[in-house]
Amino acid sequence: MLLMKSDWRHYLRSHYGDHTFEHLYRWNLFDASLLIPYFVVMIILAFYGLHRYQLVWLYYRHRKNATKEPAHHFEQLPRITVQLPIFNEQFVIDRLIEACCNLDYPRDLLEIQLLDDSTDETKEAAAAIVERYHAAGNPIVYLHRTNRRGFKAGALDEGLKVAKGEFVAIFDADFVPPREWLMQVVHHFAEPEIGMVQTRWTHLNRDYSFLTQVEAILLDGHFVLEHGGRSRSGVFFNFNGTAGMWRRCAIDEAGGWQHDTLTEDTDLSYRAQLKGWKFKYLQDVECPAEVPIEMTAFKTQQQRWAKGLIQTSKKILPYVFKSDAPFHTKIEAWYHLTANISYPLMVVLSVLLMPAMIIRFYQGWFQMLFIDFPLFLASTFSISSFYLVSQKELFPGRWYRTFLYLPFLMSLGIGLTLTNTIAVMEALFGIQSAFKRTPKYRVEKRGEKSKASKYRKRLGLIPFFELLIGGYFALCVWYAIVNENYFTVPFLLLFVIGYWYTGLLSLFQGRFERWRSGANLEESSPKPFPVGV
């Protein structure tokens, strides 16, 4: 024990108490050309990180503004149209239709539209299910398009042309709205200025795998602190494309559904709020759905959202800053719509990290401790606190378990850097792409076998590049250890884990299922491999 203490004291004295070579290092142009962009990127990322702290502050600062019960009730219930946009969703379509036909609302005031753009056997299956429920007295109709013009936005717009409802509720194919959902939401529209009401997503397959648990925490952060903080403080926030209800005239006044971005929901949300419509967020009203069970499906979803938000920022932010909205609302809109610019910045940071480490090593530990470390806390630690708070709000009795997932939460975000950077750059340069749906497989419990192969898509060479980048950061870890720069090792390991995790799961998705084919599939069985299949 005494020897260990002596060794530790010697290490601290030799590394941080020896000033023999102090002030010998001198800046040069080459070092400046690397460190200036390095610090610029770190500072920008730190600002976006500090914004997460601000959302937490807004959430608690305005807790008294949280929406609970409706302020007024309709004396006469209005007519509602429920729109169900689907595309090749054969595994979940029957569950969706059953749930919507069981919604508690007067049949003579309800209309359900199944808006089908499918190109596979989903067409026949969906038409048959709709016919069966319609024959049983349910007010449901089947509308099929032979072209996918406008994708989801186009389908919703086509449905509105024949819709009879004063209000429009929208559910994606993997959602299962509870029976009481319409009655919980509709009375909030008794206030005539309310244009949209969004409810909180929950997760049917949260415990299916390690990946789905991490995804669920990521979404919880969005629906608790982003939506909660923004809605409570009265700034703009967005409809999430599903599990929400619109006032029909708010859609029309805002210019209707437009398909020049991949996030048509956020686009319409901002246009409606710029017209003066108010939005409500009901955190206590839940609507369960599935999260992606495969890494490539998750990447596809995140790519679409990343690209769509940047497209929307290019389209909408000029109007936001020209509007009469309060300055803090404009700033919050900037942070909201441009947040995904952090992915290209992470690529720049990745390229500069190794040379910056070498230069910083020769500068000394003082600068790294008092400059790099605070920037790291601002840009990275904010993620941890953000998701911890969201889990504490939702699960006060077991939120502390989230600590186990924090390294993987941060790693998964890092692992998405390559694919999301491609999406962001496409948006910045105006490169158009199709609306890529997120596959749904109706898999909820641990051990259930999916039919993922039908809709599975590979990501080409991208997983191999992710593995290479992970190897680069493993080299950075080795360099840091050799040079006894232990402060940076945990940070670098997040990059290694993130890139290798996303790369390996993208390459080997589906193979784990065959390996587990002989395993005990009871719910009480141990957790499956930490993969999304």
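Note that the structure is predicted; figures quoted are calculated from it, not measured.
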Between [X] and [Y], is there a donor-acceptor pair closer than 3.5 Å when you use the side chain of the first and the backbone of the second?
X    : Y    : value
D117 : R148 : no
E253 : A272 : no
K123 : S118 : no
K314 : A427 : yes
W277 : I194 : no
E98  : I93  : no
R248 : V168 : no
E166 : P78  : no
R304 : L262 : no
S313 : I310 : yes

Is it the case that [X] and [Y] place a side-chain donor and acceptor less than 3.5 Å from each other?
X    : Y    : result
T261 : K315 : no
H259 : D157 : no
T312 : T263 : yes
K299 : T502 : no
E393 : Y59  : yes
T122 : E89  : no

What's the separation between atom [atom1] in [X] and atom [atom2] in [Y], rounded to the nearest 0.5 Å?
X    : Y    : atom1 : atom2 : result
Y105 : M183 : OH    : CE    : 6.5 Å
L505 : F298 : CG    : CZ    : 11.5 Å
L428 : E426 : CG    : CD    : 10.5 Å
M196 : I170 : CE    : CD1   : 10.0 Å
Y343 : I414 : OH    : CD1   : 10.0 Å
H227 : L282 : NE2   : CG    : 11.0 Å

When you compare the side chain of [Y] with that of [X], does any pair of heavy atoms fall below 4.5 Å?
X    : Y    : answer
L45  : M346 : yes
F473 : L353 : yes
Y48  : T338 : yes
R95  : L204 : yes
H336 : V235 : no
I80  : M245 : yes
S342 : F47  : no

Parallel, tilted or perpendicular, as decided by the 30° and 60° cut-offs, for the rings of [Y] and [X]:
X    : Y    : value
W201 : F223 : tilted
F237 : Y281 : perpendicular
F239 : W257 : tilted
Y142 : H144 : parallel

Less than 4.0 angstrom from a charged side-chain N to a carboxylate O is my criterion; do [X] and [Y] meet it?
X    : Y    : answer
E158 : K161 : yes
K152 : D172 : yes
E193 : K278 : no
E332 : R230 : yes
D284 : K68  : yes

### Task
Take E286 and R200 through the test salt bridge (Lys or Arg N to Asp or Glu O under 4.0 Å) and record every step on the way to the result.
CA-CA 5 Å; E286 302 176 353; R200 181 168 60 86; 2.7 Å; yes

### Query
Between L84 and C100, is a side-chain contact (heavy atoms from CB on, under 4.5 Å) present by the stated rule, with each step listed?
CA-CA 9 Å; L84 312 175; C100 291; 3.5 Å; yes

### Query
Can F87 and T119 be said to form a side-chain contact (heavy atoms from CB on, under 4.5 Å), step by step?
CA-CA 8 Å; F87 175 71; T119 56; 4.0 Å; yes

### Task
Provide the closest heavy-atom pair for R206 versus Q213 in the form atom of the first, atom of the second, distance.
O-CG, 3.0 Å

